[in-house]
Amino acid sequence: MTMNFNENVALVTGAASGIGRETALRFAELGASVVVADVDSDGGEDTVNQVQACGADGLFVRCDVSDPQDVARLVQQAVSRFDRLDFAVNNAGIGGPWEPLHSYPHEGWDRVLAVNLTGVFYCMQEEIGPMIERGGSIVNVASLAGKLGLPNQAAYTASKHAVIGLTRVAAQEVARHNIRVNAVCPVFTETPLFNPLIAGNPGRAEKMLERIPMRRFGVPRDIADAIVWLCSDHSRFITGQAINLDGGMTA
């Protein structure tokens, strides 16, 4: 069985770069039309150009997922353009300050939770409706920090744990409509969010690699391939799961 998403429509948030962009391109390569959402208009438009270069139809919608009106407009434009929504990947997220919990800035906490958690909540609220008639698949991009504690990242860790909880709640609520909801939990992945953490610091990078049995960081295609698989019929009996993509780190 090969994956073929011809006639399907996928929405990907945070798709201007990194995992989101790679996921959008992977959907395009498999024949899906792709709705690209991000606050970065230049990056988002560039992703759409790359989607179209794959021979797929693409639409960019600027969206701040922490704004419920933006999210409602995003899904409305997607359905208006393509008349359906089959897959949604809630990937938009930020890292936030690196500070110990006792001195973690309140504004940093509020912003990280607004994007990483409340943004996923708003997105799923809007995405489920268009999927009820035909079924569909939603994949939330959590993190291995959603299963383990990440020191000096209280807000990020809390948000990703909560995304896994939301995923499990939604999966149970919508299973009867043939909508599957899963999460992926990547370990350190080479993206614009992660790369500055190790830039110019080979010692830090080596310590991180020592914790991964495969002795490499993830790359966006590793995560994108798992996401599209979770949207395919290959995973048709999988829902409510939070799948580790960690090179064996939690083994």
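Numbering of residues begins at 1 and proceeds along the displayed sequence.
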Side-chain donor/acceptor of D40 to backbone N/O of D42, under 3.5 Å: yes
Side-chain (E127) to main-chain (F87) donor-acceptor, under 3.5 angstrom: no
Check: V51 and L25 side chains under 4.5 Å, non-hydrogen atoms: yes
Check: R236 main-chain N/O paired with D233 side-chain donor or acceptor under 3.5 Å: no
Q52, CD: over 12 other non-hydrogen atoms inside 6.0 angstrom: yes
Smallest separation among heavy atoms of S66 and Y122, with atom names: O-CE1, 3.5 Å
In one Ile/Leu/Val/Met/Phe/Trp/Tyr side-chain cluster, 4.5 Å: V181, I164: no
Nearest-0.5 Å distance, CZ of residue F82 to CD of residue Q77: 11.0 Å
Single-linkage hydrophobic cluster, 4.5 Å side-chain cutoff, I223 and V12 together: yes
Where G93 and V115 come nearest, the two heavy atoms and their spacing: CA-CG1, 3.9 Å
Pair E45-N49, side-chain donor/acceptor within less than 3.5 Å: no
Whether H177 side chain and M131 backbone form a donor-acceptor pair below 3.5 Å: no
Check: K160 side chain, L148 main-chain N or O, donor-acceptor pair, under 3.5 Å: no
Hydrophobic cluster identity match, F27 and L11, side-chain contacts under 4.5 Å: no
More than 12 heavy atoms from other groups under 6.0 Å of CZ on R221: yes
Matching residue for N90 among T13, N140, N116 - test: side chain to side chain donor-acceptor pair (under 3.5 Å): N140
Cluster overlap V187 with V163, hydrophobic side-chain contacts below 4.5 Å: no
D70 side chain vs D64 backbone, donor-acceptor pair below 3.5 Å: yes
Closest contact, heavy atoms only, R21 versus A16: NH2-O, 2.9 Å
Contact check, side chains of S33 and F5, non-hydrogen atoms, under 4.5 Å: no
V112 side chain near I94 side chain, heavy-atom distance below 4.5 Å: yes
Check: S137 main-chain N/O paired with R180 side-chain donor or acceptor under 3.5 Å: no
Test log, rule salt bridge (Lys or Arg N to Asp or Glu O under 4.0 Å), inputs R26 and E29: CA-CA 5 Å; R26 193 74 185 101; E29 291 167 359; 3.1 Å; yes
D86 CG to E7 CD distance, which is reported to the nearest 0.5 Å: 10.0 Å
Student check: side-chain heavy atoms of F60 and V35 closer than 4.5 Å: no
Heavy-atom pair with the smallest gap, counting every atom of P97 and Y104: CD-OH, 3.0 Å
pair C63-V71: side-chain heavy atoms closer than 4.5 Å: yes
Interatomic spacing from CG in D246 to CZ in R211 - rounded to 0.5 Å: 10.5 Å
Polar side-chain atom of N91 near backbone of G14 as donor-acceptor pair, under 3.5 Å: yes
Derivation and outcome, side-chain contact (heavy atoms from CB on, under 4.5 Å), residues V184 and V139: CA-CA 7 Å; V184 292; V139 180; 4.2 Å; yes
Backbone N/O of Q241 and side chain of N182: donor-acceptor pair under 3.5 Å: yes
Beyond-backbone contact of V79 with R81, side-chain heavy atoms, under 4.5 angstrom: no
Spacing of H161 atom NE2 and C185 atom SG [to the nearest 0.5 Å]: 9.5 Å
Cluster overlap I238 with I179, hydrophobic side-chain contacts below 4.5 Å: no
Exercise: identify the closest heavy-atom pair between C123 and V65: SG-CG1, 3.9 Å
Straight-line distance of N8 CG to M3 CE, nearest 0.5 Å: 12.0 Å
Closest heavy-atom pair and its distance - W98, P151: CZ3-O, 3.7 Å
Min side-chain heavy-atom separation I227-I19 under 4.5 Å: yes
Pairwise side-chain contact, I243 with L230, heavy-atom cut-off 4.5 Å (strictly under): yes
T47 side-chain N/O to A15 backbone N/O, donor-acceptor pair under 3.5 Å: yes
Stepwise salt bridge (Lys or Arg N to Asp or Glu O under 4.0 Å) check, D222 with R216: CA-CA 12 Å; D222 296 328; R216 72 171 178 86; 2.8 Å; yes
Distance, nearest 0.5 Å, that separates CE of M124 from CG of L166: 4.5 Å
